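Worksheet: one structure, shown below.
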Amino acid sequence: MRPCQALWLDGDDLMVVDQTQLPFTYGTRRLSTSAEAIAAIRAMTVRGAGVIGNVGAFGVYFAVRETQGCWDTVQSLLPPLRAARPTAVNLAWAVDRMTQVLSSDPASGDPLIQRARQEAILIVEEDIERSRRIGEEGVALITAISRQKNGQPVEILTHCNAGAMAIVDSGSALAPIYTAHQQGIPVHVWVDETRPRNQGAGITTWELAQAGIPHTLIVDNAGGLLMHYGKVDLCIVGADRVTATGDVINKIGTYLKALAAAAHGVPFYVALPWSTLDFSCLDALREVEIETRSPDEVLWVTGQDDSGAITRVRIAPTETPALNYGFDITPHSLITGYITERGVFSSGAIAHLAP
Ligand code: MRU
């Protein structure tokens, strides 16, 4: 497997970047059991739709290894892995794909352990290629705006982190931005902080800074005013699941950005690999479990103090409760198009595509 920025193989173990420590510390963790894979996904040591799918695939491989290939025991270990986080479809998709491949004629061919390892690696390799293609497909949108602006920087707003730390190896929403930058097209990125876990403030900014891409951090509520001022040419966000009707489940706050973009005539694109499409889902409101996370993520913030120490502080009265939905649903009517590895599709067209 080619090493990628968020994860790589070390012997037969999976090394992952501990994303809970970014941007202050670049730390890595070694995963070698299915229980460790589940714990890393639940604790958001790894996060982002594609990366949790990759770790899920390796979790299946670890389960096969732990049980010396006893398929019945492996199957009993998979439900908690598949459900470690409920909203992004890539995790269930990857576990189901591993199950399907490994349960087909298990007695024939290579040993189960070898097949599990190969398939997990293949899933990661495919994501690397998908991410590269999403960059190539999406850069045309940025190039067209750049021409209209006579080379002035294209102002792009993004939400959460749909970069290298979310989908190997250059993300979904950030992939066209990386490609544009590599091609010398001037861009500037408005990065939503993305409360409560601040994946924009901590991870997207870290990625863009490393790549030398001009960017500015904004509070989650600033996008509307920026659009009013004409300072946003284009929004590109990622997705955790896209339904058969084209509705988009993505990090909480995406819907409000899409509403603001529609009100101001700003094109709103969703970038996703094909594995994020859930053709079995017709009604996101009824069928998709929106992850509800600990209220503490809303009530407390973590950051670095002046001495360099990582500190956690409470921001609301102790008697105040909090509600913490991780994702929201953006109706397809608000979406200009979908940037995928198979091309850019307009809203509505996605519903007519075969799986
Ligand atoms: O809760 P997270 O950080 O795992 O959320 C997933 C995301 O990073 C975003 O919703 C992203 O836009 C889609 S993942 C490519």
Side-chain angles (χ1 to χ4, degrees), residues 4-7 16-20 22 40-56 84-94 127-128 130-131 134-135 138 156-178 189 191-207 220 235-242 247-258 268-278 284 288-294 297-298 324-330 335 338-341:
C4 23
Q5 297 177 62
L7 47 87
V16 298
V17 174
D18 183 351
Q19 299 194 35
T20 62
L22 293 175
I41 294 168
R42 282 193 183 141
M44 293 179 69
T45 305
V46 289
R47 48 146 298 282
V51 167
I52 62 174
N54 299 159
V55 174
R85 290 192 69 195
T87 304
V89 75
N90 303 59
L91 174 59
W93 172 88
D127 272 5
I128 296 172
R130 287 186 177 118
S131 172
I134 290 169
I156 304 167
L157 184 143
T158 193
H159 189 68
C160 195
N161 172 262
M165 291 294 129
I167 296 186
V168 294
D169 204 17
S170 48
S172 50
L174 294 194
I177 296 171
Y178 284 130
V189 186
V191 182
D192 284 350
E193 58 180 349
T194 319
R195 279 279 291 148
R197 288 190 66 103
N198 293 320
Q199 293 95 325
I203 303 176
T204 297
T205 51
W206 177 79
E207 282 195 29
D220 285 325
C235 300
I236 312 180
V237 300
D240 292 271
R241 188 184 298 240
V242 174
D247 293 346
V248 171
I249 297 99
N250 193 51
K251 183 53 58 188
I252 191 85
T254 303
Y255 179 31
L256 290 178
K257 259 351 106 66
F268 191 92
Y269 282 90
V270 178
L272 67 145
W274 212 253
S275 49
T276 300
L277 275 161
D278 182 358
V288 178
E289 180 183 346
I290 298 293
E291 180 179 11
T292 307
R293 300 185 55 84
S294 166
E297 292 181 353
V298 179
N324 186 11
Y325 289 125
F327 301 89
D328 61 23
I329 303 164
T330 302
I335 293 162
Y338 308 81
I339 307 167
T340 79
E341 72 273 23

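Numbering of ligands and ligand atoms starts at 1, following listing order. For this chain, numbers begin at 1 and follow the sequence in order. Please read these numbers as outputs of a predicted model, since none were measured by experiment.
Under the 4.5 Å side-chain criterion, counting only non-hydrogen atoms from C-beta, V89 is not in contact with I249.
Taking both residues in full, the closest heavy atoms of I134 and P273 are given as CD1-N, 3.6 Å, listed atom of the first, atom of the second, then distance.
None of R197, K251, Q199, R47 except one satisfies the side chain to side chain donor-acceptor pair (under 3.5 Å) rule with N161; the exception is R47.
With respect to D220 and R195, no salt bridge is recorded, no charged nitrogen being found less than 4.0 Å from a carboxylate O.
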Between ligand 1 and the protein, which N/O pairs fall short of 3.5 Å?
residue: ligand 1; atom: 1 (O); partner: R85; partner atom: NH1; Å: 3.4
residue: ligand 1; atom: 1 (O); partner: R85; partner atom: NH2; Å: 2.8
residue: ligand 1; atom: 1 (O); partner: K251; partner atom: NZ; Å: 2.6
residue: ligand 1; atom: 3 (O); partner: R47; partner atom: NE; Å: 2.5
residue: ligand 1; atom: 3 (O); partner: R47; partner atom: NH2; Å: 3.4
residue: ligand 1; atom: 3 (O); partner: Q199; partner atom: NE2; Å: 2.8
residue: ligand 1; atom: 4 (O); partner: G48; partner atom: N; Å: 2.9
residue: ligand 1; atom: 4 (O); partner: R85; partner atom: NH1; Å: 2.7
residue: ligand 1; atom: 8 (O); partner: R47; partner atom: NH2; Å: 2.4
residue: ligand 1; atom: 8 (O); partner: N161; partner atom: O; Å: 2.9
residue: ligand 1; atom: 10 (O); partner: D240; partner atom: OD2; Å: 2.5
residue: ligand 1; atom: 10 (O); partner: N250; partner atom: OD1; Å: 2.9
residue: ligand 1; atom: 10 (O); partner: K251; partner atom: N; Å: 3.2
residue: ligand 1; atom: 12 (O); partner: N250; partner atom: OD1; Å: 2.7
residue: ligand 1; atom: 12 (O); partner: N250; partner atom: ND2; Å: 3.4

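Between the side chains of T20 and D18, at least one donor N or O sits under 3.5 Å from an acceptor N or O.
With sequence neighbours excluded, the residues satisfying side-chain contact (heavy atoms from CB on, under 4.5 Å) with A94 are A57, I123.
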